[in-house]
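First comes the structure, then the notes that go with it.
Everything quoted here is computed from the prediction, not taken from an experiment. When a ligand or atom number is given, it counts from 1 through the structure's own listing order.
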Amino acid sequence: MQVNLAKAVALLNSGKVVAIPTETVYGLAADARNEDALREIYAIKQRPADNPLIVHIASSEQVLDWAETFSPLAQKLAKAFWPGPFTLVLPAKSTVSSIVRAGEPTVALRVPAHPVAQQLLQQTGLALAAPSANKYTQLSPTTAQHVKNGLGAHVAVLDGGACQVGIESTIVAVNGDQWQLLRLGMIAEMDVKAVAGLAATVEKQVCPKAPGQHLLHYSPKTPMQLFSSRQALMQAAATETNCAALLIGEGKMTNSPTFNLPNNPAGMAEKLYETLHQMDALRMTKLLIETPPKSPAWLAIHDRLGRASYKID
Ligand code: TXA
Ligand code: MG
């Protein structure tokens, strides 16, 4: 069900759930202090209760409504990356609902840059808890139509056009002067390092992790196979009868539908989920995907492609 801004504001203020645009992906939003509304988010998404939600706030002035501390390092990162595709995980105040933080002692906060998300935050006067507006483990939505296809027509959606970042925010946990990257995103680890500087102790993890962020995530329904070379992809395509291919930059397959994405990280991220949604809709038996180089600026895209292609069988 499509709703306009005024209706979305009214619904959110009365404790209802509304799918809203952000610059990364569409979020399934509700009043972050209303526990019935929070439970409804988990129910619609079919998300396990141990996977916490991100709380969206209008500006960093509201951080201390939610976080126990806003250390100089956290402030520096907020100043550099907010509003934007960046989430800070900070020690939570005891007043923060344990539903929104899924029992964790921390709370995830983000100031979104999307003008419609900003208008909603300002006009409702609320902080909005919002996970991506897809069913658990499925591909995130970057258009209002994706939300409708994934969650059903009964869910209220505010259409704000296609998301421009295209993949979920970078998540960084900060405790005092220590930080840890929990989820890769278009703000790269090197960008965070550049702002955090040498003063901060970097607690490095081999495998970035946030609760509930297991491998089977962000997946289309059609099996996906990744190829690090165009030649290997072409060879596989020759033996597949019913496949579609995703190529980076120019190129066309002779016997399979071909999709092309720009050969730069921001351009590819913007259209990645949109293209995977389109490819999935073809109901092929397999999607063959060309992967970008493994240089730092491409790591978030590698992460999402890896998850999208992961299957338990
Ligand atoms: O770009 C985004 O971040 C989008 C838009 C809507 O803001 N939201 C999003 O939410 O991707 P979601 O729920 O799909 O992913 C949030 C991730 C989850 O992996 C969750 O485990 C992690 O954030 N997270 C939330 N609260 C956390 C906390 N207190 N500690 C560690 N990780 C947390
Ligand atoms: Mg998600």
Side-chain angles (χ1 to χ4, degrees), residues 17-30 32 38 41-42 44-57 66-68 81-93 96-114 116-118 120-121 127-142 146-147 150-151 157-158 160 163-175 179-187 205 207-219 269-270 272-273 300 303-304 307-308:
V17 172
V18 181
I20 66 163
T22 83
E23 70 276 27
T24 56
V25 300
Y26 273 70
L28 192 61
L38 294 170
I41 293 179
Y42 282 90
I44 295 173
K45 265 188 81 75
Q46 295 167 1
R47 175 170 177 141
D50 65 355
N51 193 350
L53 308 179
I54 295 174
V55 176
H56 298 71
I57 51 177
W66 299 88
E68 192 60 52
F81 300 125
W82 280 350
F86 184 76
T87 298
L88 271 175
V89 170
L90 301 174
K93 279 191 127 142
V96 179
S97 162
S98 66
I99 299 177
V100 82
R101 52 193 168 91
E104 296 289 323
T106 51
V107 63
L109 298 170
R110 177 159 103 83
V111 177
H114 196 291
V116 175
Q118 272 292 336
L120 280 169
L121 290 166
L128 296 172
S132 51
N134 53 303
K135 287 243 160 91
Y136 185 58
T137 78
Q138 293 183 1
L139 209 51
S140 288
T142 57
H146 295 160
V147 177
L151 297 181
V157 186
L158 175 57
C163 303
Q164 286 187 344
V165 175
I167 66 171
E168 302 82 356
S169 62
T170 304
I171 305 182
V172 170
V174 177
N175 198 346
W179 65 279
Q180 189 172 41
L181 183 65
L182 299 184
R183 180 171 72 184
L184 295 161
M186 293 313 288
I187 291 172
Q205 270 191 318
C207 172
K209 234 176 157 185
Q213 220 199 344
H214 60 70
L215 270 173
L216 187 71
H217 230 124
Y218 316 107
S219 307
E270 180 181 356
L272 179 65
Y273 290 156
D303 173 73
R304 299 308 191 275
R307 289 168 194 283

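Comparing heavy-atom distances from atom 24 (N) of ligand 1 across G166, P131, P52 singles out P52 as nearest. Which of A130, A133, A173 comes nearest to atom 8 (N) of ligand 1 through a heavy atom is settled by distance: it is A130. Nearest to atom 1 (O) of ligand 1 by heavy atom, out of L182, T24, L53, is T24. Between the choices S169, G84, A19, the shortest heavy-atom distance to atom 3 (O) of ligand 1 belongs to S169.
Using modelled atom types, no side-chain atom of Y136 and backbone atom of Y42 make a donor-acceptor pair closer than 3.5 Å. Proximity of a side-chain donor or acceptor of S97 to a complementary backbone N or O of I99 within less than 3.5 Å is detected. Using a distance-only test at 3.5 Å, with no hydrogens or angles considered, a donor-acceptor pair links the side chain of E23 to the main chain of H114. Here the side chain of T170 pairs a donor or acceptor atom with the backbone of I187 at under 3.5 angstrom. Side-chain atoms of K45 do not come within 3.5 Å of backbone N or O of A133 as any donor-acceptor pair. At distances below 3.5 Å, at least one donor-acceptor pair connects side-chain atoms of R183 with backbone N or O atoms of S169.
Inclusion of T87 in the set of residues having an N or O under 3.5 Å from an N or O of ligand 1 is not warranted. Not one N or O of T22 is nearer than 3.5 Å to an N or O of ligand 1, by distance alone. Below 3.5 Å of separation, one finds an N or O of T106 facing an N or O of ligand 1. Residue contacts with ligand 1: E168 is placed with no nitrogen or oxygen under 3.5 Å of a nitrogen or oxygen of the ligand (distance criterion only). At a 3.5 angstrom cut-off on N or O pairs, E104 does not count as close to ligand 1.
Taking every non-hydrogen atom of I54 and a distance limit under 4.0 Å, the qualifying atoms of ligand 1 come out as 3 (O), 8 (N), 9 (C), 10 (O), 16 (C). For ligand 1, the atoms lying closer than 4.0 Å to a non-hydrogen atom of I171 are 17 (C), 22 (C), 23 (O).
For R101, the heavy-atom gap to ligand 1 stays at 4.0 angstrom or more.
Counting backbone and side-chain atoms alike, S140 contributes no N/O/S atom closer than 2.8 Å to the Mg ion (ligand 2).
Of all the heavy atoms of K45, none lies under 4.0 Å from any atom of ligand 1, so neither backbone nor side chain is involved. Contacts between H56 and ligand 1, counted as non-hydrogen atom pairs separated by less than 4.0 Å, involve the side chain only. Residue contacts with ligand 1 for N51 involve side-chain atoms from C-beta outward but no N, CA, C or O (heavy atoms, distance under 4.0 Å).
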Would V55 and V96 count as a side chain to side chain contact (heavy atoms under 4.5 Å, CB included) here? Give the steps. CA-CA 10 Å; V55 176; V96 179; 5.7 Å; no
Between V116 and I20, is the side chain to side chain contact (heavy atoms under 4.5 Å, CB included) condition met? List the steps. CA-CA 8 Å; V116 175; I20 66 163; over 6 Å; no
For the pair K135 and L151, evaluate side chain to side chain contact (heavy atoms under 4.5 Å, CB included) and give the outcome as yes or no after the intermediate values. CA-CA 7 Å; K135 287 243 160 91; L151 297 181; 3.8 Å; yes
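With T24 as the fixed residue, the side chain to side chain donor-acceptor pair (under 3.5 Å) test singles out one of R110, E168, Q164: R110.
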